[in-house]
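Step one of this worksheet: look at the structure below.
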Amino acid sequence: LGGRYGVGRGYHLGDTLLGFKGRIGYEAPAAELLIPAHRELEKLVLPQDQRSVKDSLAELYGQRLHQGLGFEPALRDIEALWASSQARVSGQVRVELESGRALVSGLESPHSMLARQGAFGRAVARSAAIEERMAHHEARIGPLRKAGLLFQLAYVHLGAGMPDKALRYSHRQLSEGPVDAGTEVHRFGRLLNLLILLDLGRRELLPTALRTTTRTLGGRGQARPLEHALLTLVSELLKARDPATDRAACDRAMSALLALEQDPREQAVHDHFDPVAWGEARRSGRPLAEVVRQRAQACAHKAGGKDRRAA
């Protein structure tokens with residue numbers, strides 16, 4: 001499949017065992033698809049230190065194989081470490097193919113960390129370090145990457161019950177950096193901003209924010225189904241004047257959101273945040289973190305059942 005798009009073609013210049021430089025042309029579409037996809041899944045599941053140790057041994061392992069020393073005992077030790085590190089690396093990765101390249105467009109795993117597990121407090125505890133690194137590497141962080149980090153910071157603070165801080169990060173994401181309004185992170189950032197305003201009860205800001213978001217998403221007629229469902233929910237909640245009307249709006253929205261959750265075309269939204277969990281938290285009055293944890297546990301239990309049946 002990758003080969004039909006010209007993925008994985010290139011040239012390699014390196015040292016031979018005889019001391020000469022060697023230049024070869026290669027075509028490896030499978031490796032070009034699988035390796036980046038696997039690395040992105042590792043980023044979702046593994047902590048940074050574990051990935052760093054694993055990656056630091058990769059060059060040594062490759063050198064020994066290149067030198068014909070594949071039977072060294074040290075390589076068996078490295079393989080044992082890698083096998084241990086991969087115990088929870090499982091999930092689904094979506095890859096988009098373009099002429100000559102493959103782009104990871106989304107992923108999910110029952111073992112994903114922190115925000116996906118409802119561990120918002122732990123994620124918030126890391127926010128100061130993330131802010132420090134963002135400031136230190138300001139010149140080297142691209143606008144899209146910065147927008148993604150600010151989106152994540154907004155979401156984890158919302159999940160941790162800190163909507164005021166979440167709103168500050170959300171406003172920064174939407175105002176800092178030249179990020180195209182059509183990118184996923186900007187579209188989802190607009191939606192998250194609406195949900196934060198709802199949680200804060202900032203009804204005076206919601207009409208303008210709703211119009212801006214609707215216009216950004218291309219109007220309700222052009223918004224994607226899940227985006228349309230969230231826009232409709234926000235509009236109805238804005239009109240609600242009592243808890244019963246509020247809950248009825250959430251009930252209608254939840255039916256649509258649960259149906260769309262299984263639509264593979266809408267999975268990109270769930271890679272960024274969990275609108276179903278937010279809707280359930282709003283409807284039931286439970287903390288968002290509690291709902292996300294419950295959904296993560298149900299997902300892990302379901303995945304475990306599938307593994308047992310497969311075995």
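In this text, all values refer to a predicted model and were calculated from it rather than measured experimentally.
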Legend entry - salt bridge (Lys or Arg N to Asp or Glu O under 4.0 Å) between E280 and R282, intermediate numbers included: CA-CA 5 Å; E280 177 58 31; R282 175 88 182 190; over 6 Å; no
Inset, instruction - Give a yes or no on whether a salt bridge exists between E40 and K43, defined as a side-chain N under 4.0 angstrom from a carboxylate O. - result: yes
Inset, instruction - Starting at CG of L233, measure out to CG of D251 and round the result to the nearest 0.5 Å. - result: 10.5 Å
Legend entry - Cluster link L167 to L230, ILVMFWY, side chain under 4.5 Å: yes
Inset, instruction - Count the heavy atoms belonging to other residues, nucleotides or ligands that lie under 6.0 Å from CZ of R101, then report whether that count exceeds 12. - result: no
Inset, instruction - Would you indicate whether the side-chain heavy atoms of E261 and R295 approach each other to under 4.5 Å? - result: yes
Legend entry - G70 versus L65, closest heavy-atom pair with distance: CA-CD2, 3.7 Å
Inset, instruction - Supply the atom-to-atom distance L194 CG to R190 CZ, rounded to the nearest 0.5 angstrom. - result: 8.5 Å
Legend entry - Close aromatic pair by centroid cut-off 6.0 Å: Y169 and Y155: no
Inset, instruction - Spell out, yes or no, whether V95 and L34 are grouped together once hydrophobic residues are joined by side-chain heavy atoms under 4.5 Å, including indirect joins. - result: no
Inset, instruction - Measure the CG-CG distance between L33 and L97 for me, rounded to the nearest 0.5 Å. - result: 5.5 Å
Legend entry - Side-chain heavy-atom pair L191, L231 within 4.5 angstrom cut-off: yes
Legend entry - Distance in Å, R215 CZ paired with L210 CG, rounded so as to fall on 0.5 Å steps: 10.5 Å
Legend entry - Inter-residue atom distance R247.CZ - M254.CE, 0.5 Å rounding: 10.5 Å
Legend entry - Heavy-atom pair with the smallest gap, counting every atom of N193 and S170: ND2-OG, 2.9 Å
Inset, instruction - Please say whether more than 12 non-hydrogen atoms of neighbouring residues, nucleotides or ligands are located less than 6.0 Å from CD in Q63. - result: yes
Inset, instruction - Indicate yes or no: does R172 engage E131 in a salt bridge with an N to O separation below 4.0 Å. - result: yes
Legend entry - Heavy-atom pair with the smallest gap, counting every atom of G100 and V7: C-CG2, 4.2 Å
Legend entry - Atom CD of E59: over 12 foreign heavy atoms under 6.0 Å: no
Inset, instruction - Would you check if H157 and F120 make a side-chain contact, meaning some heavy-atom pair closer than 4.5 Å? - result: no
Inset, instruction - Decide, yes or no, whether a salt bridge links E236 with K239 under the criterion of side-chain N to carboxylate O below 4.0 Å. - result: no
Legend entry - Least distance between heavy atoms, P29 atom then G3 atom: CB-N, 3.5 Å
Legend entry - For S127 against L153, the heavy-atom pair lying closest together: CB-CD2, 3.5 Å
Inset, instruction - Please check if the side chain of S84 supplies one atom and the backbone of A80 the other of a donor-acceptor pair under 3.5 Å. - result: no
Legend entry - Under 3.5 Å: donor-acceptor pair, side chain of T213, backbone of A209: yes
Inset, instruction - Decide whether L195 and L206 are clustered together by the hydrophobic rule: side chain heavy atoms of Ile, Leu, Val, Met, Phe, Trp, Tyr closer than 4.5 Å, transitively. - result: yes
Legend entry - Crowding at CZ, R76 (>12 non-hydrogen neighbours, <6.0 Å): yes
Inset, instruction - Consider only side-chain heavy atoms of I, L, V, M, F, W and Y, link residues closer than 4.5 Å, and tell whether L205 and V234 are in one cluster. - result: yes
Inset, instruction - Indicate yes or no for a side-chain donor-acceptor contact from R241 to the backbone of L238 under 3.5 Å, with no hydrogens or angles considered. - result: yes
Legend entry - Under-4.0 Å salt bridge between E42 and K54: yes
Inset, instruction - Take atom CZ of R203 as the centre, draw a 6.0 Å sphere, and report whether it contains more than 12 heavy atoms from other residues, nucleotides or ligands. - result: yes
Inset, instruction - Would you give the length of the straight line joining atom CZ of R224 to atom CG of L260, rounded to the nearest 0.5 angstrom? - result: 13.0 Å
Legend entry - Transitive ILVMFWY side-chain link L69 to L81, under 4.5 Å: no
Legend entry - Distance-minimising heavy-atom pair for L237 and C250: CD2-SG, 4.1 Å
Inset, instruction - Could you verify whether a donor N or O on one side chain and an acceptor N or O on the other, from E79 and Y61, lie under 3.5 Å apart? - result: yes
